[in-house]
Amino acid sequence: MTEIDNTGSARPESIRAVPVRHPGRWVSGAVILVLAAMFVHMLFTNKNLDWTTFQKFFFDGGILKGLVATLELTVIAMAIGIVGGILLALMRLSANPLMSSAAWLYIWFFRGTPVLVQLIFWFNIKSLMGDISLGIPFGPVFITWDVNSLVTTFVAAILGLGLNEAAYMSEIVRAGILSVDEGQTEAAQALGMRRLQIMRRIVLPQAMRVIIPPTGNETISMLKTTSLASTVAFTELLKAGEDIFNANYKTIPLLIVVSVWYIIVTSILSVGQYYLERHFGRGSARELPPTPLQRLRRNLTTFHVKPPAVREGSA
Amino acid sequence: MTENAPATDVMVKAEGIHKFFGRLHILRGIDLEVRSGQVMCVIGPSGSGKSTFLRCINHLEKIDSGRLWVDGHLVGYRQRGDKLHEMRESEVAAQRRDIGMVFQRFNLFPHMTALQNIMEAPIRVKGEPRQVVRERALRLLDQVGLSEKVDSYPSQLSGGQQQRVAIARALAMEPKLMLFDEPTSALDPELVGDVLDVMRRLAQDGMTMVVVTHEMGFAREVGDSLVFMDGGVVVEEGDPREVLTDPQHQRTRDFLSKVL
């Protein structure tokens, strides 16, 4: 304890001991390897998997069209969900009791009924309302639309998925807004900023850090939930696959085609989510962790030198 | 009430201020005056209402009774005849532009750099041109000794540095009154000095300041007046050197014997 050596050159002798043995790890590892080998063997030998059909239909025009429809549905329904969610969250936090109860009622209803039921409901909306008209409530009417031409299967799917999503998103947004320290609002108020400015410039950007991860989950979940739209005769990815295997009876290969496409898109979305979280995490960590790309580049350009004298402490 | 409106050189005038938090009677009739260019320090035990009073001055807290003027204007209300009208949110915001506030916990915006923190309000609130604001912000950062931290985020700064950025942020609005709510209470002891230096220079430049603090040395040296609050009332007010060395009230004596 006489001198503090900061150079790090004199390292004390490391402990050398016989490590604990873990026979259980070897046994469980072997079991996993055997199971994996059996699975791979099945993939190559099972005739019912029919990989030639898989290859034939993976880039099939109908499948790709379905994929595009799935992506469109996901993007539009999520957009409605996010915008609606923000509006509902602001309504719930509003000082006006009518506003907050209206938002509460909406969320209660849309979270309380299955999304599949809502989809079928929107698909059958024409039996509830003959036409939609624009005018003064209980007064004269200016324009009238026929519901049948207005609510196509695509619109029904969007409404069903989007309005349901808004209810869930509003709870996520609300949690994010409430997570921001009240001192932030006070500091902005003290600077003379107004409520909307404070929300847009100060609170929401900070709430994003809390909002983004669950929103990413919601988007991935939405991508898969769009498959429910196949039940209301909207041709998205699953329905495209169904249409093919209903004709050629190759059910399993086409379900695999569909599943692989879903996995590819969800994987891409997960990567996007990672970078989005990084963007909104700025200022929260002292230094941002490197992206996988940066990490790869660094590994390629620098030599890995083992820290000196770990094993040879007695030398 | 108009006849009670303060004289022109009075920056803050409080008259019979009462404030309740639910059933808790936190302010029980505060009468105070701060003249332009003066520094008033407010001391007192926690729960005495000193921070609450400070927050009433820029209407972060609504007063329940009494009158409060800043620079001759009622805070949060407008007088029409013998009736008081509540101000709209935008009018309250406009009043706050001229009153800078520094918080105990800094409350810098963590998603913005030091420079962005300072530039935000002049651009968004006053609509000043970006280039003008940027120059002023850089000058202010230099004044508080942080010209090297322009692009640092708050999380990369020490507490003392954050508080100095917070002071620069308030000054960027070119306020005529600065409120300090225990600005050094959350700081490590060795960081307090830098913040007090900045505040001392500000006082020398003639800024009107109300400072809630536990720094008796600062109050003695920089303060033009010292207010001791306890139980929601002003117990004693006077020249800091006299109050600190020869307090007239037993409660002041008890408090000072504990903190000095």
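Side chains are part of it too, since the values below use all heavy atoms of this structure and drop only hydrogens, waters and symmetry mates. In what follows, chains are A, B, ... by sequence order, proteins preceding strands, each numbered from 1.
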Checklist line | For A:Leu161, the option from A:Thr74, A:Thr226, A:Ile76 that meets side-chain contact (heavy atoms from CB on, under 4.5 Å) | finding: A:Thr226
Notebook entry, point to check: Does atom CZ of B:Arg78 have more than 12 heavy-atom neighbours, drawn from other residues, nucleotides or ligands, at distances under 6.0 Å?
Noted result: yes
Next item on the list: Would you mind telling me which of B:Met173, B:Lys126, B:Arg96 has the largest number of heavy-atom pairs within less than 4.5 Å of chain A?
Entry: B:Arg96
Checklist line | For chain A, the option from B:Arg105, B:Met101, B:His59, B:Glu120 that forms the most heavy-atom pairs under 4.5 Å | finding: B:Glu120
Check: Where do B:Asp197 and B:Arg200 land on the salt bridge (charged side-chain N to carboxylate O under 4.0 Å, His left out) test, with the steps shown first?
Finding: CA-CA 5 Å; B:Asp197 280 342; B:Arg200 190 176 294 120; 2.7 Å; yes
Notebook entry, point to check: Which distance, rounded to the nearest 0.5 Å, do you find between the CD of B:Gln116 and the CG of B:Asp151?
Noted result: 8.0 Å
Check: Relative to chain A, which segment of B:Ile99 carries a heavy atom at a distance below 4.5 Å: side chain, backbone, both, or neither?
Finding: backbone
Check: Which one, B:Leu108, B:Val102, B:Thr113, B:Asp98, leads in non-hydrogen pairs under 4.5 Å with chain A?
Finding: B:Leu108
Next item on the list: Measure distances from B:Phe103 to the heavy atoms of chain A and classify the residue's part below 4.5 Å as side chain, backbone, both or neither.
Entry: side chain
Item checked: CZ-CE distance between B:Arg35 and B:Met11, expressed to the nearest 0.5 angstrom -> 12.0 Å
Item checked: Top contributor to chain B contacts, counting heavy-atom pairs under 4.5 Å, from A:Gln184, A:Met208, A:Gln206 -> A:Gln184
Next item on the list: Would you mind checking which part of B:Leu179 comes under 4.5 Å of any heavy atom in chain A, side chain (CB onward), backbone (N, CA, C, O), both or neither?
Entry: neither
Margin query: Assess whether a salt bridge exists between B:Glu86 and B:Lys62, defined as any Lys/Arg side-chain N lying under 4.0 Å from an Asp/Glu carboxylate O.
Written below: yes
Margin query: Taking B:Glu174 first and then B:Arg97, would you say they form a salt bridge - that is, a charged N and a carboxylate O separated by under 4.0 Å?
Written below: no
Next item on the list: Check each atom of B:Arg169 against the heavy atoms of chain A and say whether the ones under 4.5 Å are side chain, backbone, both or neither.
Entry: both
Checklist line | Under 4.5 Å from any heavy atom of chain B - which part of A:Gln197 | finding: side chain
